[in-house]
Amino acid sequence: EDQVTQSPEALRLQEGESSSLNCSYTVSGLRGLFWYRQDPGKGPEFLFTLYSAGEEKEKERLKATLTKKESFLHITAPKPEDSATYLCAVQAGGSNYQLIWGAGTKLIIKP
Amino acid sequence: GAVVSQHPSRVICKSGTSVKIECRSLDFQATTMFWYRQFPKQSLMLMATSNEGSKATYEQGVEKDKFLINHASLTLSTLTVTSAHPEDSSFYICSARVRGHSTDTQYFGPGTRLTVL
């Protein structure tokens, strides 16, 4: 069964303290792995798509990496405005473009 | 690019009334849109896939007659919650699919908070 697991559920960091969020997946034929950011009361905001193992993408303080089993979202020197829930989703091969979602990691950056 | 809007952002209605939520792709055409429901502190739950010009595909457990979806144009999909009850209160979010070379990306609207009294 296709499955996505995110860890930790919640992460509290001090401003400037770098860390990583994990997204483990089991899926038949990965077409793409997606990272989104969601602020309270808002829709998810697209961050990255990763297609194959070894791929990396960066945006400001965020860097996403992908292996055959998991993806990491590295956050370098975070700021309070990086506080949000980060969602990971995968699209399986042969799918009808639906996404399989993880439960999310709530990131809190303290000033 | 790839901006999706939803209207209204918040709606409060009485039990038994119907509520329509609009989802628009503002700067692109979307042959496929998705409707999600999200409960507090939970992830997104897919309700249905909406394809322009055809009937929506509903996920298991989602009542077709209660959640009416119409995708009448390449930029507009609507979700109508019929005879709403307090248990229908939730955060409803739509997304629109943008075709890519290797895969497709879903871009989300800002969501609609529905409260049924």
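All figures in this text were calculated on a predicted structure; none of them were measured in a lab. Below, read A as the first sequence line, B as the second, and so on, with proteins coming before strands; counting in each chain starts at 1.
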Would you say [Y] and [X] are linked by a side-chain donor-acceptor pair, where the criterion is simply a distance under 3.5 Å?
{"X": "A:Q98", "Y": "B:E59", "result": "yes"}
{"X": "A:Q91", "Y": "B:D104", "result": "no"}
{"X": "B:N51", "Y": "B:T49", "result": "no"}

Of all the residues in residues 36-49 of chain A, which have a heavy atom that comes within less than 4.5 Å of a heavy atom in chain B? A:Y36, A:Q38, A:G41, A:K42, A:G43, A:P44, A:F46, A:T49
Greatest number of heavy atom pairs closer than 4.5 Å to chain A - which of B:P110, B:S9, B:S95, B:G109: B:P110
Between B:L46 and chain A, which part of the residue has a heavy atom less than 4.5 Å away: side chain, backbone, both or neither? side chain
Please look at B:Q6 and chain A and tell me whether the side chain, the backbone, both or neither of the residue comes under 4.5 angstrom of a heavy atom of that chain. neither
Using modelled atom types only, decide if a donor and an acceptor are shared between the side chain of A:Y25 and the backbone of A:K68 within a distance under 3.5 Å. yes
Donor-acceptor pair, A:S18 side chain versus A:A77 backbone, under 3.5 Å? yes
For atom CD of A:E9, decide whether the heavy atoms of other residues, nucleotides or ligands shown that lie under 6.0 angstrom number more than 12. no
Heavy-atom pair with the smallest gap, counting every atom of B:F28 and B:S25: O-OG, 2.7 Å
